[in-house]
Asks: 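I'd like to ask some things about the structure below.
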Amino acid sequence: MLEQLLIFTRGGLILWTCKELGNALKGSPIDTLIRSCLLEERSGAASYNYDAPGAAYTLKWTFHNDLGLVFVAVYQRILHLLYVDELLAMAKREFSEIYDPKRMNYNDFDETFRQLRKEAEARAEELKKSKHVGKPVNDGKKQGQVKKGGFEVGNKKKSEANDGGDGDTGKSYKLENGHSNGNHVNIEGSRAVVANSKENASSNVGAFDVSKLQKLRSKGEKKTDTVVNKGSKVHPKKKITKKNRVWDDSPQESKLDFTDPLEENVNENIEVVGTDHGESMMDKEEIISSDSEDESEEVGKESKPDTKKKGWFSSMFQSIAGKANLEKSDLEPALKALKDRLMTKNVAEEIAEKLCESVAASLEGKKQASFTRISSTVQAAMEEALVRILTPRRSIDILRDVHAAKEQRKPYVVVFVGVNGVGKSTNLAKVAYWLLQHEISVMMAACDTFRSGAVEQLRTHARRLQIPIFEKGYEKDPAIVAKEAIQEAACNGSDVVLVDTAGRMQDNEPLMRALSKLVYLNNPDLVLFVGEALVGNDAVDQLSKFNQKLADLSTSPNPRLIDGILLTKFDTIDDKVGAALSMVYISGAPVMFVGCGQSYTDLKKLNVKSIVKTLLK
Amino acid sequence: MGWDRVRLFKRTKSSTIVLTGLTGSGKTVLFYQLRDGSSHQGTVTSMEPNEGTFILHSESSKKGKIKPVHLVDVPGHSRLRPKLDEFLPQAAGIVFVVDALEFLPNLRGVSEYLYDILTKASVVKRKVPVLICCNKADKVTAHSKEFIRKQLEKEIDKLRVSRSGISEADVANEFTLGIPGEAFSFSHCSNKVTIAESSGLTGEISQVEQFIREHVRP
């Protein structure tokens, strides 16, 4: 049974709700749908799950782009209703016939809808009876594709493998951490596959990897310090200390740990002059060059060969008169061209795909304005979508947050996380420099206790910037070091604590658990994911896995996720700026800083307009 | 996309009133109250602006020639903020809607948005008057407009300090507010900033209508 079906305008006015299904919806699923999904350019997805205390809903929607209407159906997730998509399509058809922009009241639609619902339910019953209840075709078995761990935090615990499922195919659907199509995850076991082209086409089915399956199964059963995984590092376990490798019978070497004990620092002769390299680029205005809009001509040439079939005259006529309703087939060539262009700019393939679907969903059925080509309509829609995604959802004014924390007499804690070699320590120093320029006292915490030289590196930066550093040498528990660092900062009155962590691969289970423990134990104000702009499709995997692990392995009910992104090595990529888009899309976190060089001043803010222009050039 | 896009030629004397504010403050409800005298069956988060040129509902019974008002309700969701820049250049007045009920939890967001608007070049140069409209005043626990005004002034004062060196990625705070050295007060703004109460749900919107009438030349 449907919980509710709503029809509203894109401007926000509700035109019609079904009065028969009078159930009040718990929480605010519609508003959440709009804010987390439709405005996030994920409208190409098949459904959206919403959890509120006391209810678990799934929402499906469809647009009527020409009239600017949205049709949303809400139903309980455990009832895998098969007729919803059909019902929405039929409702759309019927309603658009009676829709009048001046009319606000559509009570006569009640009757029409009641009939439609009966029809749809009846048809679904037929379908269920006639289908075999057997193993469905495993249409989702795409290896290597990543789920959207980033924005689906609620349904995590499914990953604890359910032993006792019937067969591998059953498990594959249950393992999906991200997007669960309400129709696929099935408790009772009846596997009627909805013949719905929209769902099959969307590329949101997660990876199904037998080795992962075994790993997860074993994880569920025992504490997995012993699970060996692809991580190339051998992380030293706490109980077993590292033994020196003995090559021959030579006598034991003396201790190889060369970290200076803290007392010796005082007597060093190295110059302690503080660095002042001038204004950090964060505070400089960015001069946007305004190129002429000659790209439209290039695009025209690309899409022209595809539309040759329709006949030159009719297409020109339509573009002038502007009467044609945009069909999906019309949009496809332009969208494909755009998608390829995005991919040449280093946007991850999956992201480009989803974006194009979202833009298609928002343009389908729309009337083409006069004197425009399809390609320019698509381009404009894509540009708007990109600006929307890259615009931060919340304020990224760190200085304001620091001041707020200062008022509460607490240090503002920032944790830098990321995979190996992206530039965490370097950019940490840059951020410290920038904060110092705004008269904020900073303290560094060396919680990378693994990599040789990490503590010395930070110590050098601290010396040059003349700020205190909290370190405990190597082979200590980073979570404890961080905790003590924060306490120390509260004592000595530092405004900000910048915590450096060791780089780790997103698949490395023990390391991710250690990171999650650090975040959970210290509850930082900002978890900054450091990613390099050179990364390609792996960005999607990195971010989603980091978010997923932070959510899974945290023991608190409200796990901390990645709050912001620091994009590094931006000066090395020329115009292939797509990594920024992939990262923001998959995680929803804004890009707070951009590292564009190796000296202290090379830290910028993300300029959304110039990135969008570069992406679509 | 909305209805009634009657913008055939550029107006030399603008009669556009822009309704803006944080998401959930009640702008769309106010829009429909002003237009039709009722909020119909309720609203959801707007994804697009609502635009219309009409005679205010309360004045539809008046006799004589009344000039229609061009009203634009700009979505408050942060992802859609850039839309505001499309409408500001033609604004004759801005109604900044504040949720008086959930005021304190959103205080920072509200003051940041208000600060951004008050420091935009198109607002400062043309001295666009701003009405801070404390909506949802019909609720018992809604804050009074005096309280809201004081809180906003305090917050904006703090923002002046932390924003003085920085420019945002897209929107530069092109002007600074107030008099340096003195606590900020809305009377320091070069454009007129007033504050009023309203209730979109019950239709208590007389102060908003008054503002609109004042600044749209009949």
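Throughout, protein chains are lettered first and strands after them, A, B, ... in sequence-line order, and every chain is numbered starting at 1.
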Asks: Check each atom of I34(A) against the heavy atoms of chain B and say whether the ones under 4.5 Å are side chain, backbone, both or neither.
Replies: side chain
Asks: Side chain, backbone, both or neither: which part of R108(B) has an atom under 4.5 Å from a heavy atom of chain A?
Replies: side chain
Asks: Pick out which of L13(A), D31(A), T9(A) makes a side chain to side chain contact (heavy atoms under 4.5 Å, CB included) with V44(B).
Replies: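 In the set L13(A), D31(A), T9(A), the residue that makes a side chain to side chain contact (heavy atoms under 4.5 Å, CB included) with V44(B) is D31(A).
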Asks: So, for V387(A) and P82(B), which heavy atoms are closest and what is the spacing to 0.1 Å?
Replies: CG1-CG, 4.3 Å
Asks: Which region of E439(A), side chain (C-beta onward) or backbone (N, CA, C, O), has a non-hydrogen atom less than 4.5 Å from a non-hydrogen atom of chain B, or is it both or neither?
Replies: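 No part of it gets close to chain B.
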Asks: What distance separates E112(B) CD from R400(A) CZ, expressed to the nearest 0.5 Å?
Replies: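 The CD atom of E112(B) sits 6.5 Å away from the CZ atom of R400(A).
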Asks: Let's test your reading of the structure: which of I389(A), T17(A), I30(A), L33(A) forms the most heavy-atom pairs below 4.5 Å with chain B?
Replies: I389(A)
Asks: For atom CD of E204(B), is the number of surrounding heavy atoms from other residues, nucleotides or ligands below 6.0 Å larger than 12?
Replies: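 Not more than 12 within 6.0 Å, no.
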Asks: Rounded to the nearest 0.5 Å, what's the gap from OG1 on T45(B) to CZ on F8(A)? Could you check?
Replies: 8.5 Å
Asks: Please examine the side chains of R388(A) and K83(B), heavy atoms only from C-beta on, and report whether any two atoms are closer than 4.5 Å.
Replies: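 Contact flag for K83(B)/R388(A) side chains = no.
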Asks: Between D401(A), V70(A), L6(A), which residue shows the highest count of heavy-atom pairs closer than 4.5 Å to chain B?
Replies: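 Most heavy-atom pairs within the cutoff with chain B belong to D401(A).
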Asks: Is it the side chain or the backbone of K27(B) that comes within 4.5 Å of chain A heavy atoms, both, or neither?
Replies: neither
Asks: For side chain to side chain contact (heavy atoms under 4.5 Å, CB included), just list the numbers for R35(A) and H77(B), CA-CA rounded to whole Å, side-chain angles, deciding distance to a tenth of an Å, and then say yes or no.
Replies: CA-CA 8 Å; R35(A) 287 176 204 175; H77(B) 193 266; 3.5 Å; yes
Asks: Of the non-hydrogen atoms in G11(A) and S46(B), which two are nearest, and what is the gap between them?
Replies: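 Where G11(A) meets S46(B) most closely, the heavy atoms are O-OG, 2.6 Å.
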